[in-house]
Visitor: 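Below is a structure I'd like to ask you about.
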Amino acid sequence: MNFHGYPLGSRSNNLCQDIPPKSPTAIMSALMTTAKLIMTINGQELSLNSGSGQLDPTRVAHPSLVFNMSLPSYIRYLCKEGYNSTIIALLIGGKPHFKCFDYPLTKGSNGLNCPSMHLQLHVDDKSFKGVHHRIVTQVGYGISTHKVVMHAPKGDDIKVILNMLVFNKRHEQRNFTVEIQGKLTGHSPSTMVAMLEWNDTKHTAQVPILVYRLTVAIF
């Protein structure tokens with residue numbers, strides 16, 4: 001997230017007070033899904049260091065959908081990544097009072113319910129495929145219908161299993177799944193960026209998708 005040009009003092013606190021629900025992950029989600037995407041500056045590729053983009057103080061106070069996460073979600077993700085209970089306790093604070101087998105492993109290529117998706121490929125990979133599962137919460141008012149709009153490079157196949165989300169009330173949740181696959185050649189760029197948007201005609205929730213291929217082998 002790039003905050004250049006916007007002071008983050010009391011103004012940022014006021015923005016956070018306007019975002020429902022007021023959990024840290026919901027606030028992070030609102031900042032990311034309403035940001036202005038920055039792809040390049042003076043021809044320089046920025047997809048790996050600009051994050052979701054530049055903070056938009058007008059849009060962030062009125063998000064349509066948020067991606068929320070709980071502490072067990074983080075624990076399941078860390079267990080899936082191979083961390084043991086002692087290391088996880090150091091990361092989250094407190095004594096190790098849990099075991100990974102008590103937490104079902106997260107599904108999909110990236111187990112965190114965050115408003116971004118990525119695949120990291122090895123230098124010699126010839127193709128890629130990933131599945132991402134997400135849960136969104138409607139934080140607007142009344143009935144709303146969100147349709148998906150996909151912006152993807154030619155040749156990449158990105159499929160949203162559920163291309164419409166219908167909400168009947170505020171704070172209602174819906175699930176969706178995104179499948180990403182494609183083939184690589186010697187001329188394929190090391191970084192491929194796509195954008196998934198949920199649009200209800202009044203609001204847009206943006207979800208950046210990044211496929212990154214290492215340029216050197218890591219042993």
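All values reported here derive from a predicted model rather than from experimental measurement.
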Visitor: If you compare all heavy atoms of Asn68 against all heavy atoms of Asn113, which two are closest, and at what distance to 0.1 Å?
Guide: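 For Asn68 and Asn113, the tightest heavy-atom pair comes out as O-ND2, 2.9 Å.
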Visitor: Does atom OH of Tyr103 have more than 12 heavy-atom neighbours from other groups under 6.0 Å away?
Guide: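 Check passes, neighbour count above 12.
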Visitor: I need the minimum non-hydrogen distance between Leu31 and Val60, along with the two atoms involved.
Guide: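 Scanning both residues, the minimum pair turns out to be CD2-CG2, 3.5 Å.
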Visitor: Would you say the side-chain atoms of His118 and Ser116 include a donor-acceptor pair closer than 3.5 Å?
Guide: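 No.
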Visitor: Is the NZ or CZ atom of Arg134 positioned over Phe67's six-membered ring, under 6.0 angstrom from the centre and within 45° of the axis?
Guide: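 Because its charged atom misses either the 6.0 Å distance or the 45° angle limit, Arg134 does not stack over Phe67.
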Visitor: Is Ile161 close to Phe176 at the side-chain level, that is, under 4.5 Å between some pair of heavy atoms?
Guide: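 Side-chain contact under 4.5 Å: no.
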Visitor: Among Leu112, Val178, Val131, exactly one meets side chain to side chain contact (heavy atoms under 4.5 Å, CB included) together with Met117. Which residue is that?
Guide: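 Going through Leu112, Val178, Val131 one by one, the side chain to side chain contact (heavy atoms under 4.5 Å, CB included) with Met117 is satisfied by Val178 alone.
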Visitor: How many angstroms lie between atom NZ of Lys202 and atom NE2 of His146, to the nearest 0.5 angstrom?
Guide: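 Here the rounded value is 11.0 Å.
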Visitor: Would you call Leu119 and His132 a side-chain contact if the rule is heavy atoms closer than 4.5 Å?
Guide: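 The answer is yes; the side chains approach within 4.5 Å.
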Visitor: Count I, L, V, M, F, W, Y as connected when their side-chain heavy atoms are under 4.5 Å apart, and connections chain through other members. Are Val160 and Ile209 then in the same cluster?
Guide: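 Linked within one cluster.
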Visitor: Show the nearest heavy-atom pair for residues Met150 and Met195, with the distance to one decimal.
Guide: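 Minimum heavy-atom contact is SD-O, 3.5 Å.
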Visitor: When you compare the side chain of Thr137 with that of Gln173, does any pair of heavy atoms fall below 4.5 Å?
Guide: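 With C-beta onward as the side chain, the pair touches.
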Visitor: Locate the shortest heavy-atom distance separating Thr33 from Arg59; write the atom from each residue and the value.
Guide: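 Heavy atoms only, the tightest pair is O-NH2, 3.9 Å.
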Visitor: Write down the atom of Tyr74, the atom of Met69, and the distance for their closest heavy-atom approach.
Guide: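 It is OH-CE, 3.5 Å.
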Visitor: Do Leu65 and Gln138 make a side-chain contact, defined as non-hydrogen atoms from C-beta onward lying under 4.5 Å apart?
Guide: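 Touching, per the 4.5 Å side-chain cut-off.
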